[in-house]
Amino acid sequence: MSVFALIDCNSFYVSCERVFNPLMEKQPVVVLSNNDGCVISRSDEAKKLGIKVGVPIFKIQDIVEKNKVIAFSSNYNLYGDFSLRVMASLTLFCPNIEIYSIDEAFLDLSTLTIADKTAFGNLIKTKVKQWTGIPVSIGIAPTKTLAKIANHLAKKSTKLNGVFDLTNPNLIDIALERTSVYDVWGIGRQYGKLLSRANIKTALDLKNADDDWIRKHMHVVGLRTVFELRGISCLSTKDAFADKKGICTSRSFGKPMEKQEDIQQAVATFVVRCAEKLRKQKSAASAITVFIMTNKFADGPKYVNSKTIQLPVATNLTPELIKYAMRNLKAIFRKGYKYKKAGIIITDIISESNIQQDFWDHIDRDKNKKLLKIIDHTNKSLGRDKIKFAAQGYNKKWKMRQEHLSPNYTTQWKDLLIV
DNA sequence: TCTGGGGTCCTAGGACCC
DNA sequence: TCTGGGGTCCTAGGACCC
């Protein structure tokens, strides 16, 4: 029988911020999205105040002030580094690991002999906290979907103390009955509504649902979820380092931008980021999309547009990609709008070693490749954008609002904590 | 004043082939 | 009543995840 453990960090971003600020342990803390827009991570104290995930911070200003809620800007350098530490710790307990997201990982325990799974979970929990400072919750079950539910219950229950072993078949139906169908992994808003209308309200109802009905309305993906609830494992462990099939870099601007020149600089910077990611996984792309949009919430004229171009030769060379992106931007840019967001999407990704040459290609790709290798290396050791492309400009007018940014305690010498 | 930024997988349907 | 029967490839759109 298969056995999976899902390890999920509790309020991950908030927990990262708290590691170096232990005085905040009992205080309500939230972390904001890019541009200090929405709440994306909350401490238990903040959850108790009724602060919902996704709510724009300016809409809850009174709650924040009245309860002295501490807010942080997103610091992905910090969270990324803590994530690496947590995942490295988990690998010591089970090498068969799937890193599912920045704060979650599945361990495939099927081949391990573990007498007491709850004790094993508690050991992991204690050691990860001791080594990294991050609190985690653990759910153990025969399938990934059940492990998710076990994890959810472990988080909610005070009795379980953060670890729940749901491999006992007698417990499964009881657990499913207490789980809303909306809380099942793979059931989002739309399917949740659909199932509710069909009087399928709990995870147990879903487990006992009619296969043909599920197949018809939710296709094979939905049926897989149902099978998983029945203890039949349909989702195997995936390779966490598989190459990405699409790469996107986009940002909202700190303030609305009107001039084409300013947006060009932002877009060029997004291309630089995309190309870096592309080269990192040793891939090349054959299509590039540029999109721009005005603020969808504000009054005033609105405009959204995008353009995709197919490249004659798949590439990961930044200068070439910038050239195509600028051409696309020029085609869709309209004067007289206040732009709020722009982005680059790179698709049709293939391996660098499989690039099909073009007989009439006039770019010296070897020379460019050598140059970019040096630039990547320099920027990696000296800091992002130490060497940058002229198209990126110098005065980052579009820069994000980040008014509550914490130091990079673990990745910058100058931010090292002094005790 | 202020509303995030990444991803994946699947299906239906159209265009085409013999 | 009957209208051939197999395929492939591509794209848009919809669902989901964190």
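Because only heavy atoms are used, hydrogens play no part in the values below, and waters and symmetry mates are left out as well, while side chains stay in. Just so it is clear: chains get the letters A, B, ... in the order the sequence lines come, proteins before strands, and each one is counted from 1. Quick caveat, the model's predicted, so the values are computed rather than measured.
- With B:dG5, C:dC18, B:dG4 as the choices, the nucleotide that has an atom nearest any side-chain atom of A:Y100 turns out to be C:dC18.
- Nearest nucleotide to the A:R251 side chain, out of B:dG4, B:dT3, B:dG5: B:dG5.
- Other residues, nucleotides and ligands contribute only 12 or fewer heavy atoms inside 6.0 Å of the NE2 atom of A:H377.
- You'll find that the side chain of A:C248 is closest to B:dG7, out of B:dG4, B:dG7, C:dC18.
- The pair A:E104-A:K148 meets the salt-bridge criterion, with a side-chain N (NZ, NE, NH1 or NH2) lying under 4.0 Å from an Asp/Glu carboxylate O.
- In this structure, A:F270 and A:F253 have parallel ring planes: the angle between them is below the 30° cut-off, well short of the 60° mark.
- The residue A:I247 sits close only to the backbone: its heavy atoms come under 4.0 Å of sugar-phosphate atoms, none of a base.
- Comparing A:T249 and A:G254 by the nucleotide of DNA chain B that holds the closest heavy atom to each, the one mapping nearer the 5' end is A:G254.
- Side-chain N/O atoms of A:R401 include none lying less than 4.0 angstrom from OP1 or OP2 on B:dT1.
- Ranking B:dC9, C:dC18, B:dG7 by closeness to the A:K148 side chain, first place goes to C:dC18.
- What separates NZ of A:K340 from C1' of B:dG5 is a distance of 14 Å, to the nearest Å.
- With contacts defined as side-chain heavy-atom distances shorter than 4.5 Å, the pair A:V69/A:L49 qualifies.
- When distances are taken from the side chain of A:S252 to each of B:dG5, B:dT8, B:dC10, the shortest belongs to B:dG5.
- Of the candidate nucleotides B:dC10, C:dC18, B:dC2, C:dC18 has the atom lying nearest to any side-chain atom of A:D103.
- Of the listed residues (A:L171, A:D205, A:L206, A:L146), just one forms a side-chain contact (heavy atoms from CB on, under 4.5 Å) with A:L176, and that residue is A:L146.
- Between A:D211 and A:K216 there is no salt bridge, since no side-chain nitrogen of the basic residue lies less than 4.0 Å from a carboxylate oxygen of the acidic one.
- When distances are taken from the side chain of A:W185 to each of B:dG4, B:dT3, C:dC18, the shortest belongs to C:dC18.
- Of the candidates B:dG4, B:dC2, B:dG7, B:dG4 carries the atom nearest the A:S33 side chain, counting heavy atoms from C-beta on.
- Of the residues in residues 188-214 of chain A, those lying under 4.0 Å from DNA chain C by heavy-atom distance are A:G188, A:R189, A:Q190, A:Y191.
- Using a 4.0 Å heavy-atom cutoff across all strands shown, A:L32 reaches no nucleic acid atom at all.
- Between A:K244 atom NZ and B:dG6 atom P the separation is 11 Å, expressed in whole Å.
- For the OP1/OP2 pair of B:dG6 and a distance below 4.0 Å, the side-chain nitrogens and oxygens of A:S250 include at least one atom meeting the criterion.
- Within 6.0 Å of atom CD in A:E177, 12 or fewer heavy atoms from other residues, nucleotides or ligands are found, so the atom counts as exposed in its surroundings.
- Between A:R18 and A:E45, at least one side-chain nitrogen of the basic residue sits less than 4.0 Å from a carboxylate oxygen of the acidic one, meeting the salt-bridge criterion.
- Look at CZ on A:F291: it is 11 Å from C1' on B:dG4, rounded to the nearest Å.
- Taking a cutoff of 4.0 Å between a charged side-chain nitrogen and a carboxylate oxygen, A:D183 and A:R178 do not qualify as a salt bridge.
- If you check every strand for non-hydrogen atoms under 4.0 Å, A:K255 touches nothing.
- In this structure, the CD1 atom of A:I57 is 13 Å from the P atom of B:dT3, given to the nearest Å.
- If you take CD of A:E98 and C1' of B:dG7, they are 14 Å apart, rounded to a whole angstrom.
- Remark: C1' of B:dG7 and CG of A:L278 are 15 Å apart, rounded to the nearest angstrom.
- Among the heavy atoms of the strands lying under 4.0 Å from A:N34 are primed sugar atoms or P, OP1, OP2 only; no base atom is included.
- In this structure, A:S74 reaches neither bases nor backbone, as no heavy-atom distance under 4.0 Å exists between it and the strands shown.
- If you check every strand for non-hydrogen atoms under 4.0 Å, A:Q61 touches nothing.
- In this structure, A:H219 places its NE2 atom 12 Å from P of B:dC10, rounding to the nearest Å.
- Between the CD1 atom of A:I60 and the P atom of B:dC2 there is a distance of 17 Å, rounded to whole Å.
- Backbone-only contact: A:N295 has heavy atoms under 4.0 Å from sugar-phosphate atoms and none from a base.
- A cation-pi arrangement is not found for A:K129 relative to A:W131, the charged atom failing to lie both closer than 6.0 Å to the ring centre and inside a 45° cone about the ring normal.
- Between C:dC17 and B:dG4, the two C1' atoms lie 15 Å apart (nearest whole Å).
- Here A:V220 lies in heavy-atom contact (under 4.0 Å) with sugar-phosphate atoms only.
- Within 4.0 Å (heavy atoms only), A:R273 reaches no atom of the nucleic acid at all.
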>> Reading 5' to 3' and counting Watson-Crick or G-U wobble pairs with both distances under 3.5 Å, write the dot-bracket notation for DNA chain B, | for bases paired outside the strand.
In response: ....||||||||||||||
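- Between A:R85 and A:D81 there is a salt bridge, since a side-chain N of the basic residue sits under 4.0 Å from a carboxylate O of the acidic one.
- Annotation: of the two residues near DNA chain B, A:V221 and A:K59, the 5′-most nearest-nucleotide partner is A:K59.
- Checked against B:dG4, B:dC10, B:dT3, the side chain of A:F58 finds its nearest nucleotide in B:dT3.
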>> One pair to check against ring-ring contact (aromatic ring centres under 6.0 Å, His included): A:F106 and A:W185. What are the steps and the verdict?
In response: CA-CA 14 Å; A:F106 287 101; A:W185 192 38; 5.6 Å; yes
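- If you check every strand for non-hydrogen atoms under 4.0 Å, A:G246 touches sugar and phosphate atoms only.
- If you check every strand for non-hydrogen atoms under 4.0 Å, A:K296 touches nothing.
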